[in-house]
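Presented below is the structure to which this report refers.
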Amino acid sequence: MNRRPFIAGNWKMYKTGQQAVQTAANLAGLCSNLTDRDIMIAPTNLSLPLVARAIKNTEVKLGAQNLHFEKQGAFTGEVSADMIKDAGGEYVLIGHSERRQYFGETDALVCQKIKAALGSGLKPVFCIGETEEQREQGNTYLILDKQVSDGLKGFGLEQLSSLVLAYEPVWAIGTGKTASIEQVAEVHQHLRSLLEKLFSKDLADRTRIVYGGSVKPENVKELMGIEDVDGALVGGASLDAKKFINIIKYNEKGI
Ligand code: PEP
């Protein structure tokens with residue numbers, strides 16, 4: 001199955017508006033002929049409208065890092081799916097491990113957020129991953145299966161066509177430790193089978209499953225060579241346009 005590669009940058013709580021615009025514009029310039037893959041950057045919410053303007057009519061798409069599941073209301077400090085859409089967002093990260101770890105996000109909350117994103121026409125990038133302790137205890141699949149089945153509970157096949165699933169082992173995020181090729185291959189294959197079991201073979205075949213966790217120019221080619229890896233979610237190495245382009249162009253010679 002030919003799935004369109006998806007390479008995304010999560011800029012977390014880095015970059016002021018001006019810095020985000022500068023990096024986004026640089027990146028867009030470097031991506032001008034890359035029409036065979038989806039490229040996305042997720043700056044902070046404050047920078048969304050500015051970056052949207054900077055990448056308009058380029059190959060770079062915009063995403064947010066989080067959203068609130070309600071459409072509107074008295075939720076101080078929060079931002080809704082419609083607001084992200086209005087600011088030019090097309091994608092939204094949901095369930096990132098930093099949200100789960102530092103903001104107490106549960107699988108049930110993640111499910112509500114996916115529903116809100118889909119309801120407003122945003123494409124969810126649904127992040128899952130086990131901690132080091134969970135892996136060491138042999139619970140990797142127990143955790144991942146629960147995250148996927150609870151996060152996608154109640155959805156019909158037709159609703160999930162825009163979903164991107166991001167496998168990000170927590171122990172590999174921002175640590176410089178990448179999961180081994182064997183570990184990534186095994187988990188991605190497992191996740192595709194799980195999607196088939198929960199939904200259908202067709203959905204499992206079409207859904208892009210991307211890897212995240214210390215992806216860099218030096219390891220991206222090997223990771224992208226794995227059959228069930230359809231892209232990358234990149235944190236640290238996406239902050240610099242020159243570095244990130246070497247990840248985005250993972251299949252070009254000499255990189
Ligand atoms: C991330 O934040 O999703 C991530 C994968 O970070 P890093 O690439 O820095 O490990």
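We number each residue from 1, following the sequence as shown. Atoms within a ligand are numbered from 1 in the order they appear, just like the ligands themselves.
No hydrogens or angles considered: a donor-acceptor pair under 3.5 Å links the side chains of Glu130 and Tyr167. A donor and an acceptor atom, one from each side chain of Lys15 and Ser47, are nowhere located under 3.5 Å apart. Side-chain atoms of Asn66 and Lys113 form a donor-acceptor pair, as typed in the model, at a separation below 3.5 Å. Counting only N and O atoms by type, the side chains of Asp145 and His190 include a donor and acceptor under 3.5 Å apart.
Looking only at protein heavy atoms, the nearest one to atom 9 (O) of ligand 1 is Gly236 N, 2.9 Å. The protein heavy atom nearest to atom 1 (C) of ligand 1 is His96 NE2, 3.3 Å. Closest to atom 5 (C) of ligand 1, if we only count protein heavy atoms, is Glu168 OE2, 3.1 Å.
Using a 4.0 Å cut-off between charged nitrogen and carboxylate oxygen, Lys153 and Asp150 count as a salt-bridge pair. Comment: Asp38 does not engage Lys61 in a salt bridge, judged by the lack of any side-chain N to carboxylate O separation of less than 4.0 angstrom.
Close approach to Leu233 involves these atoms of ligand 1, each under 4.0 Å from a residue heavy atom: 3 (O), 5 (C). Per-residue contacts place Gly213 under 4.0 angstrom from the following atoms of ligand 1 (heavy atoms of the residue considered): 5 (C), 10 (O). Counting the atoms of ligand 1 from 1 in the order shown, those under 4.0 Å from a heavy atom of Asn10 are 2 (O), 3 (O).
Within a 6.0 Å sphere centred on CD of Glu222, heavy atoms belonging to other residues, nucleotides or ligands number 12 at most.
Assignment of Lys12 to the shell around ligand 1 is supported, since a heavy atom sits closer than 4.0 Å. Taking 4.0 Å as the cut-off, Ala237 does not count as a neighbour of ligand 1 on heavy-atom distance. Taking 4.0 Å as the cut-off, Ala172 counts as a neighbour of ligand 1 on heavy-atom distance.
For ligand 1, one of its N or O atoms has an N or O atom of Gly174 under 3.5 Å away. Taking distance alone, with nitrogen or oxygen atoms compared against 3.5 Å, Ile173 stays at or beyond that limit from ligand 1. The distance criterion of under 3.5 Å between nitrogen or oxygen atoms is not met by Glu98 with respect to ligand 1.
The salt bridge (charged side-chain N to carboxylate O under 4.0 Å, His left out) test applied to Asp240 returns no partner, not counting sequence neighbours.
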Tell me, with the steps shown, if Phe199 and Thr207 meet side chain to side chain contact (heavy atoms under 4.5 Å, CB included). CA-CA 11 Å; Phe199 298 98; Thr207 302; over 6 Å; no
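Residue nearest to atom 6 (O) of ligand 1, selected from Ser214, Ser97, Gly235: Gly235 (by heavy-atom distance).
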